[in-house]
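Contents: one structure, followed by commentary.
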2 protein chains.
Amino acid sequence: MPGTARRADRPADRLPARAGSRYGNRPTMKDVAARAGVGLKTVSRVVNGEPGVTPDTERRVQEAIEALGFRRNDSARVLRKGRTASIGLILEDLADPFYGPLSRAVEEVARAHGALLINGSSAEDPEREQELALALCARRVDGLVVIPAGDDHRYLEPEIRAGVATVFVDRPAGRIDADVVLSDNFGGARDGVAHLIAHGHRRIGFIGDMPRIHTAAERLRGYRAAMEEAGIPVAESWMSLGVTDPERVRRAAEEMLSGPEPVTAVFTGNNRVTVTVIRVLAEQPHPVALVGFDDIELADLLQPGVTVVAQDAAALGRTAAERLFRQLDGTFLTPERIELPTRLVMRGSGELPPAR
Amino acid sequence: MPGTARRADRPADRLPARAGSRYGNRPTMKDVAARAGVGLKTVSRVVNGEPGVTPDTERRVQEAIEALGFRRNDSARVLRKGRTASIGLILEDLADPFYGPLSRAVEEVARAHGALLINGSSAEDPEREQELALALCARRVDGLVVIPAGDDHRYLEPEIRAGVATVFVDRPAGRIDADVVLSDNFGGARDGVAHLIAHGHRRIGFIGDMPRIHTAAERLRGYRAAMEEAGIPVAESWMSLGVTDPERVRRAAEEMLSGPEPVTAVFTGNNRVTVTVIRVLAEQPHPVALVGFDDIELADLLQPGVTVVAQDAAALGRTAAERLFRQLDGTFLTPERIELPTRLVMRGSGELPPAR
DNA sequence: CTGAAAGCGCTTACAG
DNA sequence: CTGAAAGCGCTTACAG
């Protein structure tokens, strides 16, 4: 039911009842006004640094503020003002090293614009993504930066129409027209695979994330394009897409590396896949070439160093957040697709010749 | 000025003016009530799933809700209710691989309690920590999980008194009595250094973070204790504390490794230091033993594998967040110090004998 | 320079 | 079962 409100199923409803005595004793502007012997509006003027208050009045108000330990309730302020000075970021998993720098970059831009950042992990679950996004909209965040898990974002249309700025990152929105900032997944993967081909490989495996994920599909497309451009027919058994947990990836890699016609090189579709495949390759009797999408820490210290197609996670986050605040500036912007280049970093594993 | 409000220097004040036409056209309960031909309170009942509404009335309200695309404004709700169902997490840097899992764990606990998570990076700057913490309090978060950058948290006293639940993680609060969840930094470091000693080392270097950071000081203390227990006098030149940027750490490592009496082993004080030192050791003519505090990805795949004192970042976050919500349950809790054990993970680098 | 009144969008307490 | 009034803590628009 897009665009509707549901009953009693939102986070706030499950909160424990307010615990009596500890709370509610915060002083308000009214209290400050009473103590300082001035009107409410005068307190507001002082707190907000508005002009038109005599130094003497101001001092009295300041004293009352300090004596009471008053701190303005921004959530009341926000209700009146319209803007909440907060934005939401929905990503897959904050614990993934790819999202840390991205998230930090979004935070820095938000900070520069005086906004706070609310983070949420979708755990790659479209329902959880939607639940989170709508909860954030209910809190009236000014904007949303979304790394989508789902492929249908029509549920956001009423929100966008109501003024919630929205930018998608890493993967495009599904079934709505919205800004998106992404890496050149297709080109990056194609270049990486072409690099392996240039080093003599013909039987090259591809192990990636679930095909419904845009980046996984694009990178596979890049793999296919490179192979086709080189005139190499691709065997179905060379490609494996699915969840990125170590067991699945390990099995996929081991299968490609066994049998009568094993692959001599592997292209891995993201950082998690790469890490697992490195372990598998370390156990192989012959060296197997490897190029991975996404850079990984210490990649240069392994034997051999890991050649990667690096994307700039921080730049993705920064670009998206900047776009978000441009939307919020009020200038009307036609939804755009901004593509950031990737960079092939050669460290050894991608320059190994085919074994046998 | 703890406990006071300042003028015009808070984030929300720097926001651009509200952009006219796109905003403010959100339907409210009043609009829904008018369209459904019922009272405001009836709409509230339906939206919140309260009893006492005839099925017919409910249907009319639901239709109005869908027709208008109404979504309850939770920030107005919150103003009335008292609780905001949101908590803040202040950490050093979301981009650091140590904080990703910690942050995710806090988020999961918050989610289980129906709360959202606002993240902020202090960048190890005490002023920024305070600014962030107070901004979050102004938004009336229900609680705060803080990895402190500063060492004086008296500025939080009025907030805590006003009911903001507060738990410190990774490092204790300064000058206030508050819950804290941390790893056994002293014991972990002592065990790690004792491990090196057990493998025959006597000249062992220690490279850590700035001494004003609690974890850095504790780990140094652990180093000293292990050396003392083994009856090994420590030379000043074996210890180096300071910022963890690669240049400083590299210089420190190179100094210890040169001269007439170079160290034969190094104990590194955190993940960032370890990563840099691994690079330096890789360039040495002789193998140098290494034990690092904090686990790092791919540590097992390096040659040799990196022996570490691992702490459980996710458990730190989870434990702290659970404690926070116990505070919010209303039961009075005496501030506690909860210490989590560390784990020595042997992978090779810590088991190397002294060279020469 | 100062302040009383109305209102932001909800919920609470109460009356019908 | 239903709704009008008051209020959460601020800001806005206006009057003195």
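Note on naming: letters A, B, ... go to the chains in the order of the sequence lines (proteins, then strands), and numbering restarts at 1 for each one.
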Q) Would you call B/D74 and A/R140 a side-chain contact if the rule is heavy atoms closer than 4.5 Å? A) no
Q.
I need the full list of salt bridge (charged side-chain N to carboxylate O under 4.0 Å, His left out) pairs touching residues 117-127 of chain A, with sequence neighbours left out, sorted by first then second residue.
A. A/E124-A/R171
Please state how far atom [atom1] in [X] lies from atom [atom2] in [N], giving the value in whole angstrom units.
{"X": "A/L79", "N": "D/dT12", "atom1": "CG", "atom2": "C1'", "answer": "13 Å"}
{"X": "A/L68", "N": "D/dG9", "atom1": "CG", "atom2": "C1'", "answer": "15 Å"}
{"X": "A/R77", "N": "C/dG9", "atom1": "CZ", "atom2": "C1'", "answer": "18 Å"}
{"X": "A/K81", "N": "D/dT12", "atom1": "NZ", "atom2": "C1'", "answer": "9 Å"}
{"X": "A/D74", "N": "D/dC10", "atom1": "CG", "atom2": "P", "answer": "9 Å"}
{"X": "A/R26", "N": "D/dG9", "atom1": "CZ", "atom2": "P", "answer": "11 Å"}
{"X": "A/R139", "N": "C/dC10", "atom1": "CZ", "atom2": "P", "answer": "14 Å"}
{"X": "B/N73", "N": "D/dG9", "atom1": "CG", "atom2": "P", "answer": "17 Å"}

Q | Counterpart residues, side-chain contact (heavy atoms from CB on, under 4.5 Å), relative to A/A110 (two or more places apart) | A | A/I87, A/A115, A/F325
**Q.** Proximal nucleotide (of D/dT12, C/dT11, D/dC10) relative to the B/M29 side chain
**A.** C/dT11
Q) Is any side-chain nitrogen or oxygen of B/N48 closer than 4.0 Å to OP1 or OP2 of C/dT11? A) yes
Q: Please state whether the phosphate of C/dT11, meaning OP1 or OP2, lies under 4.0 angstrom from any side-chain nitrogen or oxygen of B/S44.
A: yes
Q: Treat primed atoms plus P, OP1 and OP2 as sugar-phosphate and everything else as base, then score nucleotides 1-7 of chain D 5' to 3': B for base contact with protein heavy atoms under 4.0 Å, S for sugar-phosphate contact only, - for none.
A: SBBB-BB
(Q) Strictly below 4.0 Å, N to O, side chains only: are A/R111 and B/E131 in salt-bridge contact? (A) yes
**Q.** Under the 3.5 Å Watson-Crick or G-U criterion, the dot-bracket string of DNA chain D, with | for inter-strand pairs
**A.** |||.||||||||.|||
With sequence neighbours left out, what residues match [X] under side chain to side chain donor-acceptor pair (under 3.5 Å)?
{"X": "B/R175", "answer": "none"}
{"X": "A/S44", "answer": "A/N48"}
{"X": "B/E322", "answer": "none"}

Q: Could you list the residues that satisfy ring pair (Phe, Tyr, Trp, His ring centres under 6.0 Å) with B/Y99, not counting sequence neighbours?
A: none
(Q) Going by salt bridge (charged side-chain N to carboxylate O under 4.0 Å, His left out), name the residues that satisfy it together with B/R128, two or more places apart in sequence or in a different chain. (A) A/E107, A/E108
